[in-house]
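Let me begin by presenting the structure, written as structure tokens, before commenting on it.
Since this is a predicted model, take the numbers as computed values, not measurements. Side chains included, hydrogens not; waters and symmetry mates left out as well; all remaining heavy atoms used.
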Amino acid sequence: MPSMMDHLVENLNRVHTEIADACRRAGRSPDSVKLVAVTKYAELADVRRLVELGTVDLGESRPQQLTERAGQLPAGVQWHFIGHLQRNKVKPVLSHAALIHSVDSLRLLERISSVAAEMSLRPRVLLEVNVSGEASKDGISMEELRSQWNVFQSVPNIEIVGLMTMAPLADDPETARPVFRQLRLLKDELTAQSLPHVKLTELSMGMSGDFIVAIEEGATLVRIGSRLFATPSPPTSP
Ligand SMILES: *Cc1c(COP(=O)(O)O)cnc(C)c1O
């Protein structure tokens, strides 16, 4: 479908431009922000095209689709696992993911640790924080992470490299700003209390609707799906 393909090029160019503009405004280097293309709802042909266009970081939220697509796409793709991870699905995810964004409990972190030991791996992970405190959201609470930080960072066979959050859904991206800011401040706070081997460098925050605000607040990984794959809406008649 050539017209869909053209839109991929256009969408990708726009998103890259907006990322670069947001970096410039925030006084940040454009290569300090990595685009993770979220492919969970995209057709395989479109994902292939995106990879051909130079996108190497892809995000999936279901272990089965991650496994399938890891087999269908070039080995150079860096897979990001961004969805809720059940304890019995840790192994397939560890087989493919370069980074797990969504470690939402100490129990899951410990499970990943023991599976990683069996597989002789040392996976890189982010801890998902429920900053907004919404009951419907996955994630470790800020209070728990603060009080248990020494327990989290002492779990072996794992590299905790940063934090991730999802902002509440809202039409106005400014609603997300305080959430993103709190995640950055929490990272700074935990960094000040980190063991020497623990380096929190990543902040995974920002999606299609709010990535610009996230970059202004310090995001290093933005997870963007619909803005990349959306087909153009038909022109509205005047
Ligand atoms: C689906 C998803 C995204 C991408 O959302 P868009 O609004 O389509 O950009 C980002 N992060 C997570 C965790 C997701 O599940």
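The two residues Arg69 and Val47 make their nearest non-hydrogen contact at NH1-CG2, 3.8 Å. The two residues Leu228 and Leu8 have their closest heavy-atom pair at O-CD2, 3.4 Å. Gly206 and Ala214 get closest at one heavy-atom pair: CA-CB, 3.5 Å. Shown here for Leu109 and Ile158, the closest heavy-atom pair between the two residues is O-CD1, 3.4 Å. The minimum heavy-atom distance between Thr55 and Ala37, with the atom names listed, is CG2-CB, 3.9 Å. Heavy-atom minimum distance, Gln148 versus Leu106: NE2-CD2, 4.4 Å.
Val129 has its side chain out of reach of Lys187: every pair of non-hydrogen atoms, C-beta onward, lies at least 4.5 Å apart. Using a 4.5 Å cut-off on side-chain heavy atoms (C-beta onward), Asp46 and Leu44 make no contact. At a threshold of 4.5 Å between non-hydrogen side-chain atoms, the residues Leu203 and Leu126 do not count as touching. Within the 4.5 Å cutoff, the side chain of Thr165 has heavy atoms near those of the Val179 side chain. A heavy-atom distance below 4.5 Å is found between the side chains of Phe229 and Leu50. Side-chain contact between Val15 and Ile224 is present, with at least one heavy-atom pair separated by less than 4.5 Å. The shortest side-chain heavy-atom distance between Met119 and Lys91 falls under the 4.5 Å cut-off. Lys137 has its side chain within reach of Met166: a pair of non-hydrogen atoms, C-beta onward, lies under 4.5 Å apart.
Salt bridge Arg181/Glu217: present, at least one basic N to carboxylate O contact under 4.0 Å. For the pair Arg107 and Glu110, the salt-bridge criterion is not met [side-chain N within less than 4.0 Å of a carboxylate O]. With salt bridges taken as basic N to acidic carboxylate O contacts below 4.0 Å, one links Glu10 and Arg14. Residues Asp21 and Arg24 are paired through a salt bridge, judged by an N-O separation under 4.0 Å between the basic side chain and the carboxylate.
Within 6.0 Å of the CD atom in Glu43, the count of heavy atoms belonging to other residues, nucleotides or ligands does not exceed 12. Heavy-atom contacts from other residues, nucleotides or ligands closer than 6.0 Å to CD of Gln64 number 12 or fewer. By the neighbour-count criterion of 12 heavy atoms within 6.0 Å, atom CG of Asn88 is densely surrounded, having more than that number from other residues, nucleotides or ligands.
Judged by distance alone, with hydrogens and angles left aside, the side-chain atoms of Arg48 form a donor-acceptor pair with the main-chain N or O of Gln72 at under 3.5 Å. For the pair Arg223 (side chain) and Ile82 (backbone), a donor-acceptor distance under 3.5 Å is absent. Looking only at distances, a side-chain donor or acceptor of Ser208 sits under 3.5 Å from a matching main-chain atom of Arg227. Distance alone, capped at 3.5 Å, places no donor-acceptor pair between the Ser32 side chain and the Arg28 backbone. At least one donor-acceptor pair under 3.5 Å links the side chain of Asn130 to the backbone N or O of Gly133. Not one N or O on the side chain of Thr175 forms a donor-acceptor pair closer than 3.5 Å with the backbone of Ala170. For Arg124 (side chain) and Leu99 (main-chain N/O), no donor-acceptor pair under 3.5 Å exists by modelled atom type. Of the possible donor and acceptor atoms, none in the side chain of Asp57 sits under 3.5 Å from a partner among the backbone N and O of Val77.
Under a hydrophobic clustering in which Ile, Leu, Val, Met, Phe, Trp and Tyr are joined whenever their side-chain heavy atoms come within less than 4.5 Å, directly or via other members, Val155 and Val93 fall into the same cluster.
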Mind running salt bridge (charged side-chain N to carboxylate O under 4.0 Å, His left out) on Glu159 and Lys199 for me, showing each step along the way? CA-CA 8 Å; Glu159 213 177 322; Lys199 302 268 182 282; over 6 Å; no
Is there a side chain to side chain donor-acceptor pair (under 3.5 Å) between Arg62 and Gln65? Walk through the geometry before answering. CA-CA 6 Å; Arg62 287 189 297 132; Gln65 188 155 310; 3.2 Å; yes
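Side chain to side chain, Glu128 and Ser102 fail the donor-acceptor criterion of an N or O pair below 3.5 Å.
To the nearest 0.5 Å, the span separating CG on Leu195 from CH2 on Trp149 amounts to 8.0 Å.
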